[in-house]
Amino acid sequence: MRVHGAKNSTLPLLAACLLCGGECVLHNCPQLSDVGITIQILRHLGCQVQREGSTVTVDSSQIHNFDIPDEWMREMRSSIVFLGAILARTGKAELSFPGGCELGPRPIDLHLSALKKLGVQIHEDHGRLHCSVRHGLRGKNIGFSFPSVGATENVMLATVLAKGTTVITNAACEPEICDLAAFLNACGARVQGAGSSTIVIQGVEHLHGCEHHVIPDRIAAATLLSAAAVTGSGILLRGIEPAHLEPVLPVFEEAGCELIVRGKELTIMPPERLSPLQSVRTMPYPGFPTDAQAPIMAMACVAQGTSVFVENIFESRYKHVGELTRLGARIKVEGRVAVIEGVGHLSGASVQAADLRGGAALVVAGLAAEGVTQVNHVRYIDRGYEHLEQTLAQLGANIVRLDD
Ligand code: UD1
């Protein structure tokens with residue numbers, strides 16, 4: 001099974017197209033509802049966007065708007081990553097303040113304080129942010145108190161065309177940051193150090209268009225691996241980037257799965273009964289990714305013994321726990337810690353997705369459950385997985401989509 005392109009890379013890459021003022025061609029863009037919203041935002045701003053299969057072409061030579069309508073900000077809070085790009089392109093930006101969401105409060109203080117330091121004036125009015133740059137963006141030293149992925153991306157987007165040099169310290173090191181830097185450099189930017197905690201950006205006068213392949217989705221890959229593990233099925237994943245999966249693969253090995261990596265392919269052979277996971281702690285990259293916490297917890301639900309998870313990134317990322325217990329899982333949550341006592345089998349029930357990765361976890365658990373599991377609100381899952389039910393059906397699962 002081929003793994004689709006990374007959602008979390010595609011969104012900032014599409015925002016970055018705004019900076020090029022010409023035509024950018026992005027290959028391996030996944031067909032996801034979040035990508036659809038991002039394309040709508042680009043069109044609203046004035047870009048010509050064409051999509052053919054997994055290739056998206058963006059022509060940003062004409063930009064007419066500098067705002068993001070409230071409905072799109074509400075629907076996809078990560079559209080905040082447009083802020084740096086719109087400011088760099090037009091010198092002003094207007095968008096809503098993203099409020100709380102399904103993962104708990106999602107502040108943007110790190111984004112805003114970094115942008116202010118770069119010369120952006122920000123005025124907040126009834127939940128709308130009015131931003132402007134009077135004297136041009138200027139490179140500065142930006143030190144983050146936490147390596148926020150979105151804030152690192154926003155600063156990169158705001159400074160590739162700024163005057164002077166920007167140094168980001170305690171930058172996020174996620175593979176999606178490296179993908180953004182590779183794209184920007186292919187457009188003529190001068191970004192060094194992406195993937196380490198210090199990123200140096202020397203501003204350039206202009207960028208030009210380029211052609212780029214989005215990296216494979218490491219979270220979609222981890223989700224398919226958990227689906228294989230809970231059902232005791234060997235599967236082969238193609239088109240993966242093994243280095244990006246390094247934080248998650250040891251967890252599958254701990255569960256007793258055999259893994260064989262050959263180039264861009266990975267085979268998983270699960271044991272008859274999974275072993276428990278001693279301690280899964282979510283951390284910024286290269287730590288264990290918070291986005292893989294829920295699908296891998298679904299796997300731990302059927303392990304032989306007790307597993308412990310600690311969620312260190314988001315405050316409220318255990319919404320799937322209540323629904324997993326409806327399927328017969330035994331889980332106790334206290335603050336950031338979840339203790340999972342593995343059971344011999346889960347049993348099918350009607351459950352409800354409350355967020356993207358939690359929804360995927362319910363599908364994974366449903367595959368292992370005896371009888372029928374109905375997962376409602378699958379629109380959350382469509383935000384980050386390309387036709388998940390078709391992928392799993394091709395791998396042998398008995399799964400169909402009903403109207404949501
Ligand atoms: C990105 C990913 C998301 C992933 C997350 C962490 C995208 C589109 N989304 O989200 O899937 O789960 O990284 O790997 O790429 N924070 C602040 N102030 C800020 C910014 C963040 O306090 O200004 C906090 C957040 O509330 C959270 C933590 O920092 O607790 C991590 O957030 P961040 O790394 O910014 O995640 P996102 O970029 O939103």
Side-chain angles (χ1 to χ4, degrees), residues 7-21 24 26 29 32-51 56 58-103 105-116 118-133 137 148-162 176 180 183-184 207 356 379-380 382-384:
K7 168 182 93 85
N8 287 353
S9 247
T10 306
L11 307 184
L13 289 174
L14 286 170
C17 290
L18 273 183
L19 302 175
C20 302
C24 293
L26 283 182
C29 290
L32 305 171
S33 54
D34 273 10
V35 173
I37 295 172
T38 310
I39 290 175
Q40 278 179 287
I41 293 174
L42 283 172
R43 288 193 176 128
H44 167 79
L45 295 170
C47 297
Q48 302 281 332
V49 187
Q50 269 158 10
R51 163 157 222 159
V56 177
V58 181
D59 180 346
S60 64
S61 36
Q62 306 286 332
I63 298 296
H64 320 297
N65 289 320
F66 56 89
D67 68 306
I68 301 184
D70 198 36
E71 59 190 279
W72 290 330
M73 285 303 296
R74 278 176 195 278
E75 223 167 307
M76 197 181 71
R77 283 163 219 280
S78 50
S79 38
I80 189 70
V81 82
F82 269 98
L83 182 53
I86 298 177
L87 279 167
R89 179 67 197 266
T90 69
K92 49 198 169 176
E94 201 189 295
L95 39 78
S96 330
F97 205 94
C101 74
E102 64 268 16
L103 306 183
R106 237 165 147 170
I108 53 163
D109 52 317
L110 299 173
H111 302 242
L112 300 186
S113 57
L115 290 171
K116 280 182 189 161
L118 298 169
V120 181
Q121 265 139 11
I122 302 173
H123 167 66
E124 200 191 320
D125 178 30
H126 293 97
R128 287 293 279 176
L129 288 166
H130 303 267
C131 310
S132 59
V133 189
L137 287 156
S148 156
V149 176
T152 302
E153 291 165 347
N154 246 333
V155 172
M156 289 166 75
L157 293 169
T159 55
V160 280
L161 290 169
E176 293 75 22
L180 179 60
F183 170 86
L184 290 168
L207 294 181
L356 161 58
R379 62 178 180 276
Y380 286 112
D382 295 333
R383 295 182 55 181

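Heavy atoms only: backbone and side chains are in, while hydrogens, waters and symmetry mates are out.
Residues satisfying the side chain to side chain donor-acceptor pair (under 3.5 Å) test with Ser132, not counting sequence neighbours, are none. Applying the side chain to side chain donor-acceptor pair (under 3.5 Å) criterion to Ser9, with sequence neighbours excluded, gives Asp179. In this structure, Asp59 has no salt bridge (charged side-chain N to carboxylate O under 4.0 Å, His left out) partners at least two apart in sequence or on a different chain. Not counting sequence neighbours, the partners of Asp70 by the side chain to side chain donor-acceptor pair (under 3.5 Å) test are Arg74, Ser96. Considering only residues two or more places apart in sequence or on other chains, Asp382 meets the side-chain contact (heavy atoms from CB on, under 4.5 Å) condition with Ser33, Arg401. Scored by the side chain to side chain donor-acceptor pair (under 3.5 Å) test, Arg51 finds no partners at all (sequence neighbours excluded).
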Side chain to side chain contact (heavy atoms under 4.5 Å, CB included) between Ile86 and Leu45, worked out: CA-CA 9 Å; Ile86 298 177; Leu45 295 170; 4.0 Å; yes
Would Leu157 and Leu180 satisfy side chain to side chain contact (heavy atoms under 4.5 Å, CB included), going step by step from the backbone distance to the final call? CA-CA 9 Å; Leu157 293 169; Leu180 179 60; 4.1 Å; yes
List the steps and the verdict of side chain to side chain contact (heavy atoms under 4.5 Å, CB included) for Asn154 and Leu110. CA-CA 10 Å; Asn154 246 333; Leu110 299 173; over 6 Å; no
Tell me, with the steps shown, if Leu83 and Val120 meet side chain to side chain contact (heavy atoms under 4.5 Å, CB included). CA-CA 11 Å; Leu83 182 53; Val120 181; over 6 Å; no
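A pairwise comparison of heavy atoms in Ala114 and Val155 identifies CB-CG2, 3.6 Å as the closest pair. Summarising the geometry of Ser60 relative to Cys47, their closest heavy-atom pair is CB-SG, 3.8 Å, with the distance given to 0.1 Å. Taking each heavy atom of His44 and Trp72 in turn, the nearest pair found is CB-CZ3, 3.6 Å. The two atoms that bring Ile68 and Arg128 nearest to each other are O-NH1, 3.0 Å, heavy atoms only. Contact record, Cys24 with Cys20: SG-SG, 3.5 Å, taken as the closest heavy-atom pair. Summarising the geometry of Arg89 relative to Leu19, their closest heavy-atom pair is N-CD2, 4.3 Å, with the distance given to 0.1 Å.
Atom CZ in Phe183 sits 8.5 Å away from atom CG in Leu14 (nearest 0.5 Å). Rounding to the nearest 0.5 Å places CZ of Arg77 at 11.5 Å from CG of Asp34. One distance of note links CG of Leu129 with NE2 of His111; it measures 11.5 Å at 0.5 Å rounding. One distance of note links NZ of Lys116 with CG of Asp109; it measures 9.5 Å at 0.5 Å rounding. Taking CG of Leu87 as the start and CG of Leu161 as the end, the distance is 12.0 Å to the nearest 0.5 Å. Rounded to the nearest 0.5 Å, atoms OG (Ser148) and CD1 (Ile108) are 10.5 Å apart.
Contact annotation: the side chain of Asp67 never approaches that of Leu95 to less than 4.5 Å [non-hydrogen atoms, C-beta and beyond]. Between Arg383 and Leu32 there is no side-chain heavy-atom pair separated by less than 4.5 Å. Between Phe82 and Leu42 the shortest side-chain heavy-atom distance falls below 4.5 Å. Residues Val133 and Gln121 are not in side-chain contact: their nearest non-hydrogen atoms beyond the backbone lie 4.5 Å or more apart. Side-chain atoms of His130 and Lys92, non-hydrogen and from C-beta on, never get closer than 4.5 Å to each other.
In terms of modelled atom types and a separation under 3.5 Å, the side chain of Ser79 and the main chain of Met76 share a donor-acceptor contact. For the pair Thr159 (side chain) and Ala162 (backbone), a donor-acceptor distance under 3.5 Å is absent.
Across Val81, Val49, Leu11, Thr10, a single residue satisfies side-chain contact (heavy atoms from CB on, under 4.5 Å) together with Thr38, and that is Leu11.
Counting heavy atoms of neighbouring residues, nucleotides and ligands inside a 6.0 Å radius, atom CD of Gln48 does not exceed 12 of them. Heavy atoms of other residues, nucleotides or ligands lying less than 6.0 angstrom from CD of Glu124 number more than 12.
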